> 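The structure is given below, and queries will be raised subsequently.
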Amino acid sequence: MRRVHSALLLFAVCLFSIARADDFEDFEQAVATVATNYNRAVDSRGTRFEKSYKQHVSAMCELAKKVQNAIDSLKLGADLDMVWITEEIRQVYNENNKDFKSGQNRMKRMVGRSQDPATLFKIIAADIKTLKTMRFTTENGGAVKDSLMAKRRLLAYNRILRFFMKYQSSYRRRKDDDSFRKLFERRMAVLENLAGSLDSDLRRKNPNAGFQVKLAEETSIMLKNFEDLYKSQLKKKTYTVKRAGETTTVNALNSEMHFALQNIRKFLIELDNAGIETDPAGKVDAESAEEKESASPENRYEKMSPEELNAELSRRRREIYRSNTSMDGFDRDVLAEYLASLSREQRKEYNKYLREYRDSGLKNNQAVRSAILRLHTGLISGKNAMTAGEMTDALLRLDKLKKKELKELDVLD
């Protein structure tokens, strides 16, 4: 056990010397860690686990501010409000984690806020995934794929519309999920404002386009019918509805809402096919961008010295290690990626450590975490024993895994 503690201490010292990664990557990991360990943290009042968890929550909220600065500077959309969501998650956790004296206070504590942040976790995970498809980074003040800069508002409108389609039923059902409902209402307000500005600009800049759909009008109709449907549901009137002095039906409201939605979607497809820009922005040099894309990893690594290969592999390995979200184990996908960075001999060393920790009585997840920690600490502090060929092969394996991940995410442009 003393050897394990020594390894932990050595790793903690080494960790401070590691250069920071992109704040967005750190933020993604922080959110995943807070989400993965939330239920256990709520049930771990007064423990060291709780103290560590609160530090993760604070780190998530601080990173959200840095990510938000880049989002705002790029004008990617007011719906992507990472600060509001993370602070709401923190407040939900704080309310759940309080030591209340009576059942009555326990019932009152969540007024105006959700009982748990499960929906918020799903939404912020989807937002992070959306940013990843845009190749978002906070480096150098923030950037996304250059081709997306010219249609930022259109992408934002489409993004919120898809959010509406996915969550409008949940909004009507979940009367006690207050945090989610607030977020939904905030995004619908953004959607309506965007519809107005886009509609006005598109018609002014494309007077001869002959647009058949008025985006602002259809958006207003869609949201108005949605609101009337919700009000009807609150009154528990399942069929007839009074509106503007007349009587209509729930089916009619639903039909009108979906007809407006259908018109909007057709219009968005029309705009996309026409290649219309809503946010003109400067383009990068096409030739240099093409050269950068076409440069093969094999050629890039062949030109590197052993020292450069080691530096690149060490950097990638540190990023992988830091992406683990389990506070007492090691994520399966992260483990597979980390093992892909190792040579055959290093893999044997890992398996040896793993057997030792299992034989000492540790559970599998703890044994895996301890074995990786011990190996990682040694790789950071020890002399590199990999050949140039082994490092190149490891980097190519990591590139292949990364390419597969990006392909799964690449739903835009």
Side-chain angles (χ1 to χ4, degrees), residues 8 11-42 44-98 112-114 116-132 134-144 179-180 182-183 186-187 190 315 318-328 331 334:
L8 284 166
F11 177 68
V13 172
C14 293
L15 191 60
F16 284 106
S17 64
I18 296 175
R20 289 190 57 78
D22 176 19
D23 286 323
F24 179 54
E25 294 175 357
D26 289 345
F27 178 63
E28 180 185 10
Q29 181 209 351
V31 170
T33 300
V34 171
T36 300
N37 298 279
Y38 178 81
N39 290 330
R40 179 177 172 186
V42 169
S44 300
R45 200 171 292 134
T47 67
R48 286 180 296 172
F49 187 90
E50 178 199 27
K51 183 178 179 180
S52 176
Y53 186 79
K54 285 183 175 180
Q55 291 173 345
H56 282 287
V57 173
S58 295
M60 174 187 71
C61 292
E62 288 304 310
L63 285 164
K65 296 174 184 177
K66 297 179 180 180
V67 171
Q68 195 65 50
N69 285 338
I71 290 172
D72 292 344
S73 68
L74 293 168
K75 299 180 180 179
L76 298 183
D79 60 306
L80 296 172
D81 195 343
M82 303 300 176
V83 172
W84 189 90
I85 298 178
T86 53
E87 286 297 338
E88 192 72 7
I89 289 171
R90 171 152 54 185
Q91 291 303 320
V92 171
Y93 169 68
N94 287 341
E95 292 288 353
N96 270 307
N97 206 41
K98 284 180 180 176
R113 197 165 281 124
S114 298
D116 71 72
T119 311
L120 294 181
F121 281 135
K122 289 179 182 177
I123 292 171
I124 198 170
D127 289 346
I128 289 171
K129 184 175 180 179
T130 294
L131 288 169
K132 289 176 73 175
M134 299 171 77
R135 305 297 186 265
F136 172 79
T137 176
T138 57
E139 291 180 352
N140 301 317
V144 293
S179 298
F180 154 66
K182 287 179 188 175
L183 179 60
R186 287 165 66 93
R187 292 195 173 181
V190 174
R315 181 188 68 80
R318 288 194 298 264
E319 288 181 358
I320 295 166
Y321 187 92
R322 293 174 62 188
S323 68
N324 178 48
T325 61
S326 174
M327 291 172 61
D328 61 352
D331 297 337
V334 177

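None of the values given here were measured: they were computed from a predicted structure. In what follows, every heavy atom counts, from backbone to side chain, and hydrogens, waters and symmetry copies are set aside.
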> Is a side-chain donor-acceptor pair under 3.5 Å present for Q29 with S323?
no
> So, Q68 side chain and M82 main chain: donor-acceptor pair closer than 3.5 Å or not?
yes
> Return the minimal non-hydrogen interatomic distance between Y53 and T33, and the atom names on each side.
CE1-O, 4.3 Å
> Hey, is R187 close enough to D81 for a salt bridge, meaning N to O under 4.0 Å?
no
> If you measure from the Lys or Arg side-chain nitrogens to the Asp or Glu carboxylate oxygens, is any gap between E62 and K66 under 4.0 Å?
no
> Working to the nearest 0.5 angstrom, can you tell me the gap between I123 CD1 and I85 CD1?
6.5 Å
> Does a donor on one side chain and an acceptor on the other come within less than 3.5 Å for D116 and Y93?
no
> Can you check side-chain contact (heavy atoms from CB on, under 4.5 Å) on F49 and N37, steps first, answer last?
CA-CA 10 Å; F49 187 90; N37 298 279; 3.9 Å; yes
> Could you tell me whether the side chain of S44 and the main chain of T47 form a donor-acceptor pair under 3.5 Å?
no
> Tell me, with the steps shown, if F27 and T138 meet side-chain contact (heavy atoms from CB on, under 4.5 Å).
CA-CA 10 Å; F27 178 63; T138 57; over 6 Å; no
> Taking all non-hydrogen atoms of both residues into account, name the closest pair between G77 and I71 and its distance.
O-CG2, 4.2 Å
> Counting N and O atoms only, with roles assigned by atom type, does the side chain of N324 sit under 3.5 Å from a partner on the main chain of D331, one being a donor and the other an acceptor?
yes
> Testing the basics here: between G141 and S73, what is the closest heavy-atom pair and its distance to 0.1 Å?
O-OG, 3.3 Å
> Please report the closest heavy-atom contact between T119 and F180, naming both atoms and the distance.
CG2-CD1, 3.6 Å
> Should R322 and E25 count as an ion pair when the cut-off is N to O under 4.0 Å?
no
> V92 vs S179, test: side-chain contact (heavy atoms from CB on, under 4.5 Å). Steps then yes/no.
CA-CA 9 Å; V92 171; S179 298; 3.9 Å; yes
> Just by distance, do the side chain of T137 and the backbone of A143 share a donor-acceptor pair under 3.5 Å?
no
> Can you list the steps and then say if F121 with V34 is a side-chain contact (heavy atoms from CB on, under 4.5 Å)?
CA-CA 9 Å; F121 281 135; V34 171; 3.9 Å; yes
